[in-house]
Amino acid sequence: MTRKVGRPNENTQAREKLIFHARELYMAMPYEKVSTRLVAEHAGVNVAMIRYYFGSKQGLFETVIRETMEPINQQMKAFIKLASHETLIGLMRAYYKTMVNAPEFPRLIAQIMNMSESDIQRKLLEKIFSEVTKPAQEMMFERLSEDGVLREGIDPKLCRVTFMSMMVFPFIAPRAMLALHGVELNETFLDQLLEHNINVLKNGFLSPEKQISLGENNEN
């Protein structure tokens, strides 16, 4: 069962509380400053529960990353089974829906990837990416091109960069720069941006002929 990213309610078990509060602390503080005792205190549970559920602080960190990304990973699995404009848009929807509840998470990922290759956080993150997201990302737009979902003559690699930018940039851009443009990262704005980006995809590099044919098939 996919776990929700949002705040646990009062009846939520210790494991979910630890994951939620650990993610909140990791997004607000450096990894080395987030002790297991601090996470347990914020979660209101015994610190021994971290060892019980996750084995260690590293295990907790890895679980936080994996479970936050799980809705996105599920959509990637659907994409691998059927590469279409619908699954591509579904991936973007899953990403935005997840990040509405954890808007600082992409910034955390960006910070980790800028760390030294020997840093434990980066090693754990690269391990997760290599196991789950990287294989799908590398073949995603090549499959779309081969299946005629992309407009003719469009470079799949450049499409991948554009797609990633549309999803990630709003969350990692400096808040002061967004404020200069009158942008506030709240749920209303992100819902509007999602629909705008979907329209950009449909009218930008996705083949209109393929969209029409898929729409006709869905009506039959």
Side-chain angles (χ1 to χ4, degrees), residues 2-6 65 67-110 113 129 132-175 177-220:
T2 300
R3 302 185 186 277
K4 294 183 178 180
V5 177
I65 300 298
E67 296 215 358
T68 302
M69 295 178 61
E70 182 58 21
I72 303 164
N73 294 336
Q74 289 297 325
Q75 193 62 42
M76 282 190 170
K77 291 177 182 177
F79 185 94
I80 291 173
K81 292 180 181 178
L82 175 62
S84 72
H85 85 284
E86 292 176 331
T87 50
L88 184 67
I89 290 171
L91 176 58
M92 179 171 280
R93 286 192 185 280
Y95 180 85
Y96 269 80
K97 185 177 180 180
T98 299
M99 296 313 156
V100 161
N101 292 313
E104 296 297 324
F105 187 75
R107 190 180 299 276
L108 172 64
I109 298 299
M113 291 307 296
F129 281 171
V132 183
T133 62
K134 188 177 178 181
Q137 288 176 354
E138 290 181 342
M139 54 72 70
M140 184 181 298
F141 285 94
E142 284 74 10
R143 279 274 303 275
L144 290 174
S145 180
E146 292 170 0
D147 294 347
V149 179
L150 295 184
R151 291 179 184 268
E152 187 176 353
I154 293 289
D155 186 326
K157 183 177 181 180
L158 297 179
C159 286
R160 177 153 58 105
V161 174
T162 299
F163 184 76
M164 291 171 58
S165 301
M166 293 168 71
M167 294 207 298
V168 176
F169 176 77
F171 299 97
I172 65 173
R175 296 294 181 263
M177 185 178 74
L178 294 177
L180 285 175
H181 295 280
V183 173
E184 180 183 351
L185 286 187
N186 54 40
E187 186 171 357
T188 299
F189 172 77
L190 290 174
D191 285 344
Q192 293 172 344
L193 182 61
L194 168 62
E195 297 306 321
H196 168 77
N197 284 344
I198 288 173
N199 284 328
V200 171
L201 288 178
K202 290 180 177 180
N203 296 296
F205 51 70
L206 296 181
S207 169
E209 292 81 7
K210 194 70 172 182
Q211 292 179 56
I212 292 171
S213 64
L214 285 172
E216 291 174 345
N217 289 336
N218 290 336
E219 291 174 1
N220 295 331

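Reckoned from all heavy atoms, side chains included, excluding hydrogens, waters and symmetry mates.
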(Q) Ser165: which residues meet the side chain to side chain contact (heavy atoms under 4.5 Å, CB included) condition with it, sequence neighbours left out? (A) Val161
Where the side chain of [X] meets the backbone of [Y], is there a donor-acceptor pair that is under 3.5 Å apart?
X: Thr162; Y: Leu158; result: yes
X: Arg151; Y: Asn203; result: yes
X: Asp147; Y: Val149; result: no

Q. Is any side-chain heavy atom of Val168 closer than 4.5 Å to a side-chain heavy atom of Tyr95?
A. yes
(Q) Are Asp155 and Phe141 packed together at the side-chain level, in the sense that at least one heavy-atom pair is separated by less than 4.5 angstrom? (A) no
Mind listing the closest non-hydrogen atom pair of [X] and [Y] along with its distance?
X: Arg107; Y: Ala173; answer: NH2-O, 2.9 Å
X: Ala102; Y: Pro106; answer: O-CD, 3.8 Å
X: Glu184; Y: Phe189; answer: O-CB, 3.4 Å
X: Glu67; Y: Pro71; answer: O-CD, 3.9 Å
X: Phe129; Y: Met69; answer: CE2-CE, 3.3 Å
X: Leu150; Y: Pro156; answer: CD1-CA, 4.1 Å

Q.
Counting neighbours of CD on Glu195 that are heavy atoms of other residues, nucleotides or ligands and sit closer than 6.0 Å, is the number greater than 12?
A. yes
Inter-residue atom distance [X].[atom1] - [Y].[atom2], 0.5 Å rounding:
X: Arg93; Y: Thr98; atom1: CZ; atom2: OG1; result: 13.5 Å
X: Ser145; Y: Glu152; atom1: OG; atom2: CD; result: 9.5 Å
X: Leu201; Y: Met92; atom1: CG; atom2: CE; result: 4.5 Å
X: Met99; Y: Ile72; atom1: CE; atom2: CD1; result: 4.0 Å
X: Ile109; Y: Ile172; atom1: CD1; atom2: CD1; result: 11.5 Å
X: Phe163; Y: Leu91; atom1: CZ; atom2: CG; result: 4.5 Å

Q.
Using the side-chain hydrogen bond (donor to acceptor under 3.5 Å, both in side chains) criterion, which residues pair with Tyr96? Sequence neighbours excluded.
A. Asn197
Q. Only one of Val100, Leu193, Leu178 forms a side chain to side chain contact (heavy atoms under 4.5 Å, CB included) with Leu185, so which one is it?
A. Leu178
Q) Partners of Glu146 by salt bridge (Lys or Arg N to Asp or Glu O under 4.0 Å), sequence neighbours excluded? A) none
